[in-house]
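Some notes on the structure that comes next.
A note on names: the letters A, B, ... follow the listed sequences, proteins ahead of strands, and every chain is numbered from 1.
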There are 2 protein chains.
Amino acid sequence: MTDRPDTPRSRRERPAKPALTRDSIVGAAVAVLRAEGLAKVTMRRLAQELDTGPASLYVYVRNTAELHAAVLDELLGEIGPAPADGPWRERLERVLSAYTVMLLAHPTLARSALTTWPSGPHYLRLIETLLALLDEGGVAPARAAWGVDLLLQHATATAAEHATQAPSEDWDALRRAVRDIDADHHPHIAAVAEELLSGEPGQRLSWGLRALILGIERTAVPDRHPNPSSRRPS
Amino acid sequence: MTDRPDTPRSRRERPAKPALTRDSIVGAAVAVLRAEGLAKVTMRRLAQELDTGPASLYVYVRNTAELHAAVLDELLGEIGPAPADGPWRERLERVLSAYTVMLLAHPTLARSALTTWPSGPHYLRLIETLLALLDEGGVAPARAAWGVDLLLQHATATAAEHATQAPSEDWDALRRAVRDIDADHHPHIAAVAEELLSGEPGQRLSWGLRALILGIERTAVPDRHPNPSSRRPS
DNA sequence: ACCTGAACACCGTTCAAGT
DNA sequence: ACCTGAACACCGTTCAAGT
């Protein structure tokens, strides 16, 4: 922040044009995300922020989707490490909740995370943490591997669901449709109408995660190399 | 298609301007979706298709998200009824697979379905079918109600994951990252690297659905009215 | 190699004015 | 009430030309 008079600067009006690098682009993207949401994290807006034209960004970032993935990985760095004590199930649930809560602050980012596979360092660290906890719980490695995918997908999709433009407008429509259902044509919906709509978001997330963990523990993954002699009972 | 000379028509060049109704808009949307994908199902394009200006569509459709939801419900009408024989688990899996396969043909539609809650008649019919199958399997109603949400979310998210613009580009990045992982820093990832990436999409979907169903069956939903005297063991 | 101005080909939505 | 032209305020991405 200190002004260094010996630094040559061609323009005096702006607070020093930042060097154009991948990091400076992602940094600007995170700043805009925080201040105005993902909708404003566009190539054009970032170019403006970095005092250049949109075309320049394409030297460092393949496209908008890749940029959003980089932003997500950056935010992922901010969820703390896994809690150290307590039963593994609870710790697993807490890590995934923290991930979901972070995404809930930026649901549109969750939406893009479902489509573009993140592969940054913080995402890999999260996967490592989840695998370690499942391993600690004695979950068979193959199930754990596929399970991580299922758990992250659930967490991400749960956050993404909240990325509506007009919040609770189509949710209202569904609620009305379920409440006013014709019991003759849809007896099962009518019977559980209240339950379909009940529950705090936090309760439903927690229930979903626990159901998933149980299912992962107890559902055998198909053999990768179908070889009768090496088949172990599961 | 027959030309009826007695029908008054102000313009002779176009094949008769269709009446502007919600149905004609959704119909045009489905046609464009089939021919060119959801990316082209825009207000402007539809207006052009219906020989009017984009502003006219807003009389019948609140916004683009609502339009996409209507399109999804329309397509939902085309997946046949639930299979009649076989164990309930298998039939449940088959209904959800059919839903997923339909969405896989239009992954971007799956993406929007995660955000905008559909509430059309065909979607309600699907929910009814799922509840009926879970009921047949003896799954407690409250678990079935929350479970339907989980199952549909999984099916939708699985399809949405395939909605990449540049297919298998970031997936390649993740695969490289996992294969080249540093075993010292990420021992668990290194140990199951192959499993993380293994499996046919169909196998993983099937495994995921079975894990979910099991978890739903066996995970108790929290009491809605916490009342000690009415608490039943689960 | 890196950077960019300008262009191409689009968007969603609103609003005042018409019928 | 229904419909619309025109405008407002944007997009992502490419490419030829510059340094």
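With a cut-off of 3.5 Å on both Watson-Crick or G-U wobble distances, the partner of dA1(C) is given as dT19(D). Pairing partner, dA6(D): dT14(C), with both Watson-Crick or wobble hydrogen-bond distances short of 3.5 Å.
Within the model, atoms CD1 of I213(A) and CG of L209(A) stand 6.0 Å from one another, a figure rounded to the nearest 0.5 Å. To the nearest 0.5 angstrom, L96(B) atom CG is 5.0 Å from L92(B) atom CG.
The distance between atom OH of Y58(B) and atom P of dA16(C), rounded to the nearest whole Å, is 17 Å. When the P atom of dT13(C) is taken as reference, atom CZ of R62(B) falls 11 Å away, rounded to whole Å. Atom-to-atom, CG of L67(B) to P of dT13(C) comes out at 10 Å; the value is rounded to the nearest Å. One atom, OH of Y60(A), and another, P of dC2(C), lie 7 Å apart when rounded to the nearest Å. For E66(B) and dG12(C), the CD to P distance is 14 Å, given to the nearest whole Å. Regarding L57(A), its CG atom lies at a distance of 9 Å from the P atom of dT4(C), rounded to whole Å. If you measure from atom CG of L50(B) to atom C1' of dC3(D), you get 13 Å, rounded to the nearest angstrom.
Of the residues listed (L67(B), V71(B), V30(B)), the one engaging I25(B) in a side-chain contact (heavy atoms from CB on, under 4.5 Å) is L67(B), and it is the only one.
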Pairwise N/O distances under 3.5 Å, protein to nucleotides 5-11 of chain D:
unit_1  : atom_1 : unit_2 : atom_2 : d
dC11(D) : OP1    : T42(A) : OG1    : 3.2
dC11(D) : N4     : R44(A) : NH1    : 3.4

Decide yes or no on salt bridge (charged side-chain N to carboxylate O under 4.0 Å, His left out) for K40(B) and E49(B), but give the supporting numbers first. CA-CA 11 Å; K40(B) 301 282 183 181; E49(B) 212 75 25; over 6 Å; no
Could you walk me through whether R111(A) and E161(A) pass the salt bridge (charged side-chain N to carboxylate O under 4.0 Å, His left out) test, one step at a time? CA-CA 8 Å; R111(A) 212 188 158 180; E161(A) 275 177 0; over 6 Å; no
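Of the candidates dT14(D), dC3(C), dT4(D), the closest approach to any side-chain atom of V59(A) belongs to dC3(C).
Comparing dA9(D) with dC10(C), their P atoms sit 23 Å apart, to the nearest whole Å.
Side chain of S97(A) to backbone of R94(A): no donor-acceptor contact under 3.5 angstrom is found. For the pair S206(B) (side chain) and G202(B) (backbone), a donor-acceptor distance under 3.5 Å is absent.
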